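The structure presented is a predicted model; accordingly, all values stated were derived computationally and were not measured. Every chain is numbered from 1 and lettered A, B, ... according to where its sequence line falls, protein lines coming before strand lines.
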Protein chains: 2
Amino acid sequence: MSLRFAILGLLARRPSTGYELTQTFDRSLRTSWHASHSQIYPELGKLERAGLAEVVGHGARRSKTYGLTAAGREELRRWLVDGEPDRSQRNESGVRLFLTPLLGAADRCIAYGRDLTHVEDELQALVELRAQVGASEQPEAFAPQIELGIRLNTVVRDWLREQIDDAAD
Amino acid sequence: MSLRFAILGLLARRPSTGYELTQTFDRSLRTSWHASHSQIYPELGKLERAGLAEVVGHGARRSKTYGLTAAGREELRRWLVDGEPDRSQRNESGVRLFLTPLLGAADRCIAYGRDLTHVEDELQALVELRAQVGASEQPEAFAPQIELGIRLNTVVRDWLREQIDDAAD
DNA sequence: CTCCGCATGTAAACGGTTACATGATTTG
DNA sequence: CAAATCATGTAACCGTTTACATGCGGAG
């Protein structure tokens, strides 16, 4: 069900084509969910038939821009407020982190070092995004989410550095 | 592929039956991966046929205890050290958190409050686990992972409290 | 000796990924 | 006008979930 509501949520932020949604999944939602175009286009069709989304414009190359209907907006609101969250996760990096203590010290440092590089990149991207959003005049509702991302990645970065330093003894 | 390596990893920690693995997924790995018995039993069969795991004991009620073979241990090590991590995630709570700014202040507080209760429970369970592990004499290789869990949940807890407090203005 | 929890298994349905396929518009 | 990118769609495969199904062993 998450795919449906992720799409409703992105359309609530701004009307989009399927192609744009595919990119937004990669850019904004990539740390929480992923979807490829082969899933998105059929789902947009279902959303339209269910009366939750509608075509609000046609562009070049047969592109259709979808927006939410009032029913779609209400459906999204109900899911966010009333729905019981499914807290189960699928996170391969988490599995790796959990199992890394099984390795010897040298191998463990290789694994942690690989993660550290990745987390540092993520962190830098988020810090830049925050600066960019902070520079614009309009208030940005998603600023706290960016802040949370920065804090979370900082904790992981510091923890990884500690693990690598401790192993060096 | 993660399921296969998650099982190899759990078997590396201690030989187990399928039933025990099912419970361990819920207890230890639940924040990173989930698997039900209907997936675990067939996968144990595949692992055995692939020479990565073997039956090391029989117990009551036809139960079979599986352990890793040398090949299984090596396969796990290679995955952890050499394998390029798949960083994509599926995390419904993350999707919700990302979309919550779309709600009005009142609805937003309901959603954040629900998350806060959950995070506080998680945090308490981890703090208890840390105390329990710290009290035992034997050195515990997974202590840093527990510490990371505590730090991560603390950050989320504090962030949620801030969001709820700010909305009260 | 009955009930409950332990323990294992299979099948159908569902959701997600990868691969296949096509055509329109812009850039050089 | 050729190549690259935009843009949409479908099909086969694979992994996950849900539902069905069975039998053993201990507790009362």
Trainee: Who pairs with Arg30(A) by salt bridge (Lys or Arg N to Asp or Glu O under 4.0 Å), at least two apart in sequence or on another chain?
Mentor: Glu122(A)
Trainee: Encode nucleotides 2-7 of chain D as B, S and - characters from 5' to 3', where the letter depends on protein heavy atoms closer than 4.0 Å: B to the base, S only to sugar-phosphate, - to neither.
Mentor: ---BBB
Trainee: Can you check the Glu48(A) CD to dT8(D) C1' distance for me, whole Å?
Mentor: 14 Å
Trainee: Mind telling me whether Trp159(A) and Tyr112(A) have parallel, tilted or perpendicular rings, with 30° and 60° as the class edges?
Mentor: perpendicular
Trainee: Please check if any side-chain donor atom of Gln124(A) sits under 3.5 Å from a side-chain acceptor atom of Glu128(A), or the reverse.
Mentor: yes
Trainee: If I take atom CD in residue Gln89(A) and atom P in nucleotide dT17(D), what distance separates them, rounded to the nearest angstrom?
Mentor: 13 Å
Trainee: Tell me the interatomic distance from Glu92(A), atom CD, to dT16(D), atom P, rounded to whole angstroms.
Mentor: 11 Å
Trainee: Could you state the CD1-P distance from Ile40(B) to dG15(D), rounded to the nearest angstrom?
Mentor: 16 Å
Trainee: How would you list, by chain and number, every residue that makes a salt bridge (Lys or Arg N to Asp or Glu O under 4.0 Å) with Arg114(A), sequence neighbours excluded?
Mentor: none
Trainee: Which residue pairs satisfy the side chain to side chain donor-acceptor pair (under 3.5 Å) criterion with at least one member in residues 62-77 of chain A, sequence neighbours excluded?
Mentor: Glu74(A)-Arg77(A), Glu75(A)-Arg78(A), Arg77(A)-Asp107(B)
Trainee: Taking only residues two or more places apart in sequence or in another chain, which ones pass salt bridge (Lys or Arg N to Asp or Glu O under 4.0 Å) with Glu147(A)?
Mentor: Arg130(A), Arg151(A)
Trainee: By the definition side-chain contact (heavy atoms from CB on, under 4.5 Å), identify the one residue from Leu10(B), Leu11(B), Ile7(B) that meets it with Leu68(B).
Mentor: Leu11(B)
Trainee: Nucleotide by nucleotide, 5' to 3', does protein get under 4.0 Å of the base (B), only the sugar-phosphate (S), or neither (-) in nucleotides 12-18 of chain C, counting heavy atoms?
Mentor: ----SBB
Trainee: For the residue pair Pro15(A) and Val56(A), what are the closest heavy atoms and their distance?
Mentor: CB-CG2, 4.2 Å
